[in-house]
2 protein chains.
Amino acid sequence: MERYSKQRELILTALRNRKDHPTAEMLYNDISKIMPSIGIATVYRNLAALYESGQILKIETKQGESDRFDGNIKPHLHFQCLECNKIEDIFLNEEQNNQLNEQLKEFANIIDAEMATSKIVLKGRCKDCRDKKINL
Amino acid sequence: MERYSKQRELILTALRNRKDHPTAEMLYNDISKIMPSIGIATVYRNLAALYESGQILKIETKQGESDRFDGNIKPHLHFQCLECNKIEDIFLNEEQNNQLNEQLKEFANIIDAEMATSKIVLKGRCKDCRDKKINL
DNA sequence: GAAATAATGATAACGGTTATCATTTAAGGA
DNA sequence: TCCTTAAATGATAACCGTTATCATTATTTC
C-alpha cells in the first residue's frame, strides 16, 4: 500500500510553489536546499506516482529534453515558445473547453475511434520574445 | 552543400512505401534488406535532414519511446490508441482545418502569443481495439 | 516496542539518439 | 578522365533523461 513519506510531501509542495513548469531536476534542486539528502530517483519516482494518481500533470517533451511537471490540474492547454522554450498555460473557460473537446471527438469519429484525452501544445512566439524583437 | 546520396533516397522511398508511422529502426530494418551495409546513424541523420527540409513529418513521442516518422506531409492530426499504441492519421478537410487553426490561434491570443504551429495528438481507443473488446 | 514491508538513496543500467572520426563518395573543375 | 574537396557514410563511443536494482531506512500495524 501507499505509505506517507516526507519526501513526497516536499515534492508536491515544491511543485505547487512554482508557477512555471519545472523539470524533475529543477525540483530536485529546490528540494535539496531543504533536504540535502534526497536522491534524484526519489524525485522521479514520486513525480511518476503523483502523476498516476492524478495529483499533478506531466508535459511529455521530446527525446533528450526533460519532461515538465505542473501542479495545476485544472484542464488547460500549453503553449511552448519556439525562441525561449518556455512553456505557458492557457486556461480556457468551460464553454471554450467543451466546444474544443466536442470538435476533437468528432475528428476522432472520422476514423471510428473513441477519444479519451488529447494532448495539445501550441507553438510559436511568446509575448516576451515578440516584445524583445520589436526593441531591437 | 547538400549532396545526393543513395542512402537518403532509399530512406525517403522506404518511408513513403509504408502506410504506418515507422520508427527510425523499423526503416533501418526495411532498408537493410536492400542495402545491408547501411548504418543506423545514417538513417537517423537523414531522417533529421528530411524533417528539417520539410519533406517528411516527425511525431515526437515521449522519453524512451522512439519517434515516429510520416512520409505524408499533408496537414493532419494523429490519433494514438492507448491500448495497442498504434498511431493513425486523421485527415481534415480544408474547412475543418482552417476552423481548428483559427480557434487555436485565438487561444494563443489569450496569453498574447503568436501561434505558428500546433501539435495535436488525440488519444483513446481505436476501432480495432473497440471491436476486439466487444467480441470477448 | 517489534515485525512487516513500503520508500528511500546511491548508483548501475537502459534506450533512443547524437557525436566522433577515419573512410568513402559525389560534384565540379582541370 | 582524373583530381581535388568536402559532404556523407558506417562503426561505435558518448550522451542524457529516466528507470531498475538493492541494501538501508522509516512508516504503519499489531
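On a predicted model such as this, the values are computed, not experimentally measured, just so you know. Below, chains carry the letters A, B, ... as their sequence lines are ordered, and counting in each starts from 1.
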What's the CD-C1' distance between A:Glu65 and D:dT18, to the nearest Å? 15 Å
How is B:Ser66 classified with respect to the nucleic acid when contacts are heavy atoms under 4.0 Å: base, sugar-phosphate, or nothing? sugar-phosphate
Under 4.5 Å between any side-chain heavy atoms of B:Met35 and B:Gln7, yes or no? yes
In whole Å, what is the span from the CD1 atom of B:Ile40 to the C1' atom of C:dT17? 10 Å
I need the CG-P distance between B:Leu10 and D:dG10, as an integer number of Å. 10 Å
Does A:Thr23 reach a base, just sugar-phosphate, or nothing at all? Heavy atoms under 4.0 Å. nothing
So if you build clusters from Ile, Leu, Val, Met, Phe, Trp, Tyr with side-chain heavy-atom gaps below 4.5 Å, do B:Ile87 and B:Val121 land together? no
Any non-hydrogen side-chain atom of B:Ser32 less than 4.5 Å from a side-chain atom of B:Ile34? no
How long is the line joining CD1 of B:Ile31 and P of D:dG10, in whole Å? 10 Å
Can you tell me how far C1' of D:dC16 sits from CE of A:Met26, to the nearest Å? 15 Å
Between CD of B:Gln7 and P of D:dA11 the distance, given in whole Å, is 11 Å
Tell me which residues in residues 44-61 of chain A lie within less than 4.0 Å of DNA chain D, going by non-hydrogen atoms. A:Tyr44, A:Arg45
Using atom OH of A:Tyr28 as one end and atom C1' of C:dT8 as the other, report the distance to the nearest whole Å. 13 Å
Working note: A:Leu12 + A:Glu9, criterion side-chain contact (heavy atoms from CB on, under 4.5 Å); need CA distance, chi angles, decisive distance, verdict. CA-CA 5 Å; A:Leu12 186 54; A:Glu9 188 176 298; 6.0 Å; no
Derivation and outcome, side-chain contact (heavy atoms from CB on, under 4.5 Å), residues B:Asp89 and B:Lys19: CA-CA 10 Å; B:Asp89 290 321; B:Lys19 282 169 188 162; over 6 Å; no
Looking at A:Asp20 and A:Lys86, is any side-chain nitrogen of the basic one under 4.0 Å from a carboxylate oxygen of the acidic one? no
Taking the side chain of B:Ser37 as its heavy atoms from C-beta onward, which of C:dG9, D:dG10, C:dT17 lies nearest to it? D:dG10
Could you grab the distance from atom CZ of A:Phe79 to atom CD1 of A:Ile120, nearest 0.5 Å is fine? 14.0 Å
Are A:Ile56 and A:Asn72 close enough that some pair of their side-chain heavy atoms sits under 4.5 Å apart? no
Measure the distance from CZ on B:Arg8 to C1' on C:dT25 and round it to the nearest whole Å. 13 Å
Can you build the contact string for nucleotides 24-30 of chain D? Use B for base contact, S for sugar-phosphate-only contact, and - for no protein heavy atom under 4.0 Å. --BBS--
When the nearest nucleotide of DNA chain C is assigned to A:Ile38 and to B:Glu25 on a heavy-atom basis, which residue is associated with the more 5' position? A:Ile38
May I ask you to test the B:Leu57-B:His76 pair for a side-chain heavy-atom distance under 4.5 Å? yes
